[in-house]
Each structure stands twice: as C-alpha cells, then as structure tokens.
Novice: 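Would you mind keeping the following structure in view while I ask a few things?
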Number of protein chains: 2
Amino acid sequence: MTSIKDIARLAGVSPSTVSRVLNEREYVRAEVRKRVLDIVKEQGYVQNHVARSMVLRRSFTIGVVIPYLFNMFQRQLFASMEFFLEQQGYKTQFFFLRWSDASEQAFLRRLKSETLDGIIFIHELDNPSIYRYIQERGLPVALCTFEKQEFGFPAVHIEEEASAELAVEYLIQRGHRNIGLITGEHFSFGRQREDGYKRALAAHGLPYTPERTVRVPAYNPEAGRTGMLTLLQRKKPLTAVFAVTDELAIGAIKALSESGLKVPEDMSVIGLDDIDISAFTNPGLTTVRQPIFEMGKKSADLVCEWIAHGRMQGRAELFTATIVERESVRTLT
Amino acid sequence: MTSIKDIARLAGVSPSTVSRVLNEREYVRAEVRKRVLDIVKEQGYVQNHVARSMVLRRSFTIGVVIPYLFNMFQRQLFASMEFFLEQQGYKTQFFFLRWSDASEQAFLRRLKSETLDGIIFIHELDNPSIYRYIQERGLPVALCTFEKQEFGFPAVHIEEEASAELAVEYLIQRGHRNIGLITGEHFSFGRQREDGYKRALAAHGLPYTPERTVRVPAYNPEAGRTGMLTLLQRKKPLTAVFAVTDELAIGAIKALSESGLKVPEDMSVIGLDDIDISAFTNPGLTTVRQPIFEMGKKSADLVCEWIAHGRMQGRAELFTATIVERESVRTLT
DNA sequence: TTGTACGCGTTATCAT
DNA sequence: ATGATAACGCGTACAA
C-alpha cells in the first residue's frame, strides 16, 4: 500500500510536510500544498487509519452497545445514532451483547483493547464493573433509554413511568376498567412502565389485581403472544391490555386473533414505543410515541460534546412521549 | 494504559517473552509463562488492538456493507453473520450505505484506510469501481443476496427467479388467474423475481398484463402500501397479489384493509423472505422462506476460509427457498 | 517554511 | 529459552 513516505518522495518533500498538508496545518507554501494534494489525488492515497489511531491515541470511533437480539425500536435508535455520529466524523462500532456474564466479560476485554473515543449504551448491563471501568477511565459515555443514578452518566430517555401512565390513562378515559398488563421481567424500563400502569389505576381509584399482570422473559412479539394467551387463560374479565412495548402488543394482537377475539371490538390493545411497523399492523396499533430519532441524535451529541470539551456536558435528557391514535382501542359505552 | 512493557518489567522478562506468552508461541518455560500470565491477570492487561493491527497488517475485522435503511430481512441476515464471525474470532464493522454516489465514494475512502481482513456485501452497489478496487487488492469478499458475474466473487443467494416462480405457482395451484405483482425498481433481485412471476404465468398459459404490475421505489411497507393502492386504482380484476418481499406484502395488506377489502377473502397476498414479523401479521403472511440464518453463516464462512487459505474458496452458493403456509392466501373454488 | 528524529505498542527476526 | 532491535505508518517537537 502506498504510504505517506511514497507521497513525500513523489512530491519531493518530507513526510512531515505531507502530514501537515493532509491535516490542514499552517506553515506550508500554497505551491507545495498544491503539489502534494495533486499527488495524493493521483495516487488515490488515504491515510492509514490504524497508524493514525496509534499515534493520536484516539480512533474517531464511538462504540454502541446493543443487545444481540435487538428489537425494532433499538434498530431505529441506532440507525439514528449512526447517522449523526457519521455527520460529526465518527465511525460507529457496534457491540452486540448477549444476556450472559461471559458476553459482558468479553465486552470488557474489547473495551480495553480498542481505544474507543466514546461509548453509547442502548442496553442496560447487569455487571456494574463495566460502568465502573468506564468511569475510572473517564471515557465519554451516554446511556440511552435508561439511566444509572449511581454513576451519574448522562442519560437520554423518556419519562418511562409517565409515558406508561399516559397509555393507561388513555384506556381509562375511554371507559376501560379491567385493564391487563403485559410487561417483561428484565430491565428497569419494564418495572417503571409497570409502575406507571399502577399509578394510572390508582389515580382513578381502580384496584390493582395481580392476576391481570403477566411478566414475560423478552420484549418480542412471541413473548407478547404467550403473555396474552396466559392472561386469557386466567379468565379474569378484561376489556383492554397495555403491552409495555409495541412488539409485545403485536404479539398480543396475534394471540387474540388466534383465540377468535377481535381487536378492538372484543379487546382493546395499546402499546408503547411507536416503531415503524406499528402503522402497518391490522388494526393499526394505538401506542405512545418515543421520539426515537431525536433521542438517537441527543445521545450522539452528548458523547461528541463530552469529547470536544474534555468533560461531561449534560446529565439527564428527558423526552416527552405522546399518544398516537390508531385503531386498536375502542371506546366503551 | 498499561502496556506490554509494563508487564515485562513487572514479570522481570523482556517484552518479546510476554508477547510469546500472549500469542501462545512455544519456547517459553512453563514457569516463566505462569509468572507472566499471573501479572497479566493481576493488572487486567489486554493487548492493544491498534498496535497489533499495525504490525500484523491485519485487523481481525470483517466489513459488512448494508443499506443505511436496512430492512428486517437484512437485519436478520447481519445478525447471523455477526454471530458466526465472532465465533471465528472476527469483529464486524458495519458500513451503512446511502443510495448516492457520494456515499459510495466515502465508503471507498474508508475501505482504503481501514485495513479490513475481508468484506461481505448485503447491498448491491451501482459503482463498479468499488468492486474493481477490491478485486485488484485481492481482498477476501463475499456477496450475499445477489451476485456479480463479471467479477467472479463468491455469492450466496437463493435462486431468485425460481423462488418467485414458486410463490406464483402456489397461487395458481389454488385457482388464481388474475395475479398482481408488486416489485421494486432497484436491485437485481427485483427484476429476477419479476422474471420468476412471468415464468410462472407463462408455464400455465396465463397472459402477462403490464397493468397488473407495479414497480415501487423501495422495498418497505409504505412502498407496498402505495403499490397496492395503485394496483387497486387500475381496476383490473385481481384475486391475488405477489409482493416480492414480505415488507411489501405487509404494506399491501394494510392498503387492502384500508380499502375495506379482506385478506384472504377478497384478495390473497403472498410475500417472499419470511422475516420474523410475518408470523405475527393479521392474517399470518403466507410466504416463501429464505434460509436467512444459513445464508449468513455461509457468507461468513466463505470469507473466513478465503482468509485462512489465502485464496478464494467457493463460487456461487445457491440456497433453496420453501413455501411457508399461513393464512393470507385463499383457495378459489 | 521545511526536514530530521523519535515515539506510539506490538511482533518478527536474529543473536545469544 | 530469552532478549535486543527493527519495523509497521503516522504525527510532532525541535532543529535548521
């Protein structure tokens, strides 16, 4: 491969001069600059990124930590991040994490070996040692869709509890009293959204009945489907269900139709996230929208600013969720 | 950061010895090896990946080229690749490409600067100069979901035409004669699937009527929706539609339900791909399954073997698609 | 304004 | 079996 030395030789200057030209330093005659640039173009020369990272001790790369089986919501989120990161001159390196300690350990090893400039988490980790390592090293970081109070990292997320409350409130306003909940066992947002559900019930003097809640091991459609089936099986009266993510809701709707129940005639369903596909389900899914694109941008901005200023810039960035009305909720009369 | 020199000093040996231990070379006394390993563990030392890449002139990284707005099918594909690549000790670096020449140029620049060990394309590029560059450099490469005869790169894909034919054949067997087609303007698989559609019609002596074909600018649900609407508007008799991807099919079903038409009672719909979500639509989407997981694995294997043996290993790897029966197709009587 | 020399962390080669 | 040294490609301090 052609290196900076080759260019220097061809242009009849020293490597340092070529370096100065390429990095837009001053102190180089316009004439020389042009000559160098011409040769660079002619040779199709591009700086070797590895060598550059080594000497600069930075990689212009931001890591994005995401579950191995990322869902559609996270997919949209990281597309947004990648877009804004690239705009600011950063490459994105994804770390797909499995739900195991071994996977988190492997991640820590990579973290140590890769000289990332910053890191964004779209995935909540169990192991606090990783957060601790990042904190000690002072690595610029942002959390997206969750927070970790103990570490004081900047966090980007919606008000989980309030957003869930909004969804349930919407059902109650439409006359629903017997409302089921499908949530997940893992991650703090599952618990927070469950709290929002309870708060909405309480605000209207409705009792919380544990039999109307089911906790599933994942947040995908299949889990939503089995969750709904379980709920149905318990034979508690139910006119509506709040699924804490859209994917769960999509699975719930499937279970309902398999059971010969119509949405929203026989059962109303509301989700939370507003992923792309939710506009295309039958019936269209009524849900609560997270501003995905903006949240991705904010996360990217937070780490980039931290890097630029050399110190942490923000703390929590709270976004507001809004109802998206489609056809999966019926008004009881 | 602690470096190999620090470990060497702490263990009372030279950096070379530490290097030998870490890379599992022979010629190092068991006793010394243990001492080094203990220090490494104690210090939490990990080799610096950047320095290593520089001297070894390889990065243990495979690039995966994918459209910026990758669809759910591609999402499953690259998850599979990432999984197998990691298993073989490679990191995955994604390149999200936009549909523009500028984006392809930027990609070429990165390609030159990054010392990748290999590359997989899940995205067909317009610009032959990129393929040419890869060919000249002898960079291990695999194409997934398409091929480029001119360059003779190994390619992993289903028999596009035959798979489409299978879908249409399925409709014809069930009594459908007036079958619409929703396909995309771009990429060779769109044309190939269209050819398969025509071949199935011809095989049964059915005429090809251009008014029953619509070509949309993307392969996502929204494009499928507008495509279906267009088809409906033309008022040609129609009992079934073949959408060349599942995402298009999902959009088509949405358009149908918006128009007050029931699937499959008033109109049958069949897709192609069998993405995860297709099992959860209402009605469940009848489609043709690409063995996504296996195709991802095969692509990963092809580049890894190429790297290991120092020369190209396979050529075309053809996979067979199979019908997945769900509820979106009705048998006419 | 430009060139020389050194160092970044690692591995391979060659001595010992 | 182990250590010294050079080299990978680049940026920068310092000399010129």
Side-chain angles (χ1 to χ4, degrees), chain A residues 1-37 39-40 43-61 89 91 109-117 137, chain B residues 1-37 39-40 43-61 89 91 109-117 137:
Chain A
M1 289 294 89
T2 126
S3 86
I4 198 172
K5 284 182 193 165
D6 301 316
I7 303 298
R9 195 168 25 77
L10 258 29
V13 297
S14 78
S16 357
T17 301
V18 177
S19 175
R20 275 189 281 259
V21 170
L22 261 24
N23 296 297
E24 298 177 348
R25 290 276 179 296
E26 23 195 345
Y27 301 130
V28 46
R29 254 186 308 155
E31 177 197 330
V32 174
R33 150 167 292 124
K34 185 179 176 339
R35 194 163 75 237
V36 169
L37 253 20
I39 306 269
V40 164
Q43 298 290 314
Y45 169 72
V46 177
Q47 291 158 308
N48 180 312
H49 202 275
V50 173
R52 211 152 176 271
S53 303
M54 176 134 105
V55 58
L56 292 176
R57 317 183 117 262
R58 53 181 301 200
S59 58
F60 302 97
T61 301
K91 291 184 297 176
R109 288 182 54 82
R110 286 189 58 185
L111 202 53
K112 287 183 178 174
S113 73
E114 303 222 353
T115 46
L116 295 173
D117 294 352
R137 197 170 122 187
Chain B
M1 289 294 88
T2 127
S3 85
I4 197 171
K5 285 181 192 166
D6 301 317
I7 303 298
R9 194 168 27 76
L10 258 30
V13 296
S14 77
S16 332
T17 302
V18 178
S19 176
R20 275 189 281 260
V21 171
L22 261 25
N23 296 298
E24 298 177 350
R25 290 277 180 297
E26 23 195 345
Y27 302 129
V28 46
R29 254 187 309 157
E31 176 198 330
V32 174
R33 149 166 294 123
K34 185 181 176 335
R35 193 164 74 238
V36 169
L37 252 21
I39 306 268
V40 164
Q43 298 290 316
Y45 167 74
V46 177
Q47 292 160 307
N48 180 312
H49 203 277
V50 173
R52 213 154 174 269
S53 302
M54 176 135 103
V55 58
L56 292 178
R57 319 186 112 258
R58 53 181 300 200
S59 57
F60 301 96
T61 301
K91 291 185 296 177
R109 288 181 54 82
R110 285 188 59 185
L111 202 52
K112 287 183 178 175
S113 74
E114 303 224 351
T115 45
L116 295 173
D117 293 354
R137 197 169 123 188

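Just so it is clear, the values below take in all heavy atoms, side chains as well, and ignore hydrogens, waters and symmetry mates. Chain A is the first sequence line, chain B the second, and so forth, proteins listed ahead of strands; every chain is numbered from 1.
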Novice: Please report the distance, rounded to the nearest Å, between NZ in A:Lys5 and P in D:dC10.
Specialist: 9 Å
Novice: Could you state the CD1-P distance from A:Ile4 to D:dG9, rounded to the nearest angstrom?
Specialist: 11 Å
Novice: Provide the closest heavy-atom pair for B:Ala8 versus B:Val18 in the form atom of the first, atom of the second, distance.
Specialist: CA-CG2, 3.7 Å
Novice: Could you go through the side chain to side chain contact (heavy atoms under 4.5 Å, CB included) check for B:Val13 and B:Arg35 one step at a time?
Specialist: CA-CA 10 Å; B:Val13 296; B:Arg35 193 164 74 238; 3.7 Å; yes
Novice: May I ask you to test the A:Arg57-B:Met1 pair for a side-chain heavy-atom distance under 4.5 Å?
Specialist: no
Novice: Side-chain N or O of B:Arg25 less than 4.0 angstrom from OP1 or OP2 on D:dA1?
Specialist: no
Novice: Rounded to whole Å, please give me the gap between CD in B:Glu114 and P in D:dG9.
Specialist: 16 Å
Novice: So which atom in A:Arg137 and which in A:Leu116 form the shortest heavy-atom distance, rounded to 0.1 Å?
Specialist: NH2-O, 3.8 Å
Novice: What is the distance, rounded to the nearest whole Å, between atom NE2 of A:His49 and atom P of D:dG11?
Specialist: 11 Å
Novice: To the nearest angstrom, how far is A:Arg52 atom CZ from D:dC10 atom C1'?
Specialist: 9 Å
Novice: Between atom CG in A:Asn48 and atom C1' in D:dG9, what is the gap in whole Å?
Specialist: 6 Å
Novice: Is the distance from OP1 or OP2 of D:dG9 to the nearest side-chain N or O of A:Tyr45 less than 4.0 Å?
Specialist: no
Novice: Do A:Val36 and A:Arg33 touch side chain to side chain, with heavy atoms closer than 4.5 Å?
Specialist: no
Novice: Quick one: is D:dG11 close enough that its OP1 or OP2 comes under 4.0 Å of any side-chain N or O from A:Asn23?
Specialist: yes
Novice: Starting at atom CD of A:Gln47, determine the distance to atom P of D:dT12, rounded to an integer number of angstrom.
Specialist: 11 Å
Novice: Which pair of non-hydrogen atoms, one from B:Arg52 and one from B:Gln47, has the smallest distance, and what is that distance?
Specialist: NE-NE2, 3.3 Å
Novice: Using a 4.0 Å heavy-atom cut-off, does A:Val32 contact any base of the nucleic acid, only the sugar-phosphate backbone, or nothing at all?
Specialist: sugar-phosphate
Novice: Between the protein and nucleotides 4-7 of chain D, list the N/O to N/O atom pairs that are separated by less than 3.5 angstrom.
Specialist:
| from | atom 1 | to | atom 2 | distance (Å) |
| --- | --- | --- | --- | --- |
| D:dA4 | N7 | B:Ser16 | OG | 3.4 |
| D:dA4 | N6 | B:Ser16 | OG | 2.8 |

Novice: Between A:Tyr27 (OH) and D:dA13 (P), how many Å, whole number?
Specialist: 13 Å
Novice: Does the side chain of A:Ile4 come within less than 4.5 Å of A:Ser19's, by heavy atoms?
Specialist: yes
Novice: Is any side-chain heavy atom of A:Glu114 closer than 4.5 Å to a side-chain heavy atom of A:Thr61?
Specialist: no
Novice: Which atom names give the shortest non-hydrogen contact between B:Pro15 and B:Lys5, and what distance separates them?
Specialist: CG-CG, 4.3 Å
Novice: So what does A:Ser19 hit on the nucleic acid, given a heavy-atom distance under 4.0 Å: a base, only sugar-phosphate, or nothing?
Specialist: base
Novice: What are the bounds, 5' to 3', of the part of DNA chain C that sits under 4.0 Å from heavy atoms of chain B?
Specialist: C:dG9 to C:dA12
Novice: Applying a 4.0 Å non-hydrogen cut-off, can you work out what A:Val13 is touching in the nucleic acid: base, sugar-phosphate, or nothing?
Specialist: sugar-phosphate
Novice: Indicate the atoms forming the closest heavy-atom contact of A:Thr115 with A:Ser59, along with that distance.
Specialist: O-OG, 2.6 Å
Novice: The helix from C:dT1-D:dA16 to C:dT16-D:dA1: angle between its terminal axes, five pairs each, to 10°?
Specialist: 50°
Novice: Toward the 5' end of DNA chain D, which comes first, B:Val28 or B:Met54, by nearest nucleotide?
Specialist: B:Val28
Novice: Could you check whether any side-chain heavy atom of A:Ser14 comes within less than 4.5 Å of a side-chain heavy atom of A:Thr17, counting everything from C-beta outward?
Specialist: yes
Novice: Counting C-beta onward and ignoring hydrogens, is there a side-chain heavy-atom pair between B:Leu10 and B:Gln43 closer than 4.5 Å?
Specialist: yes
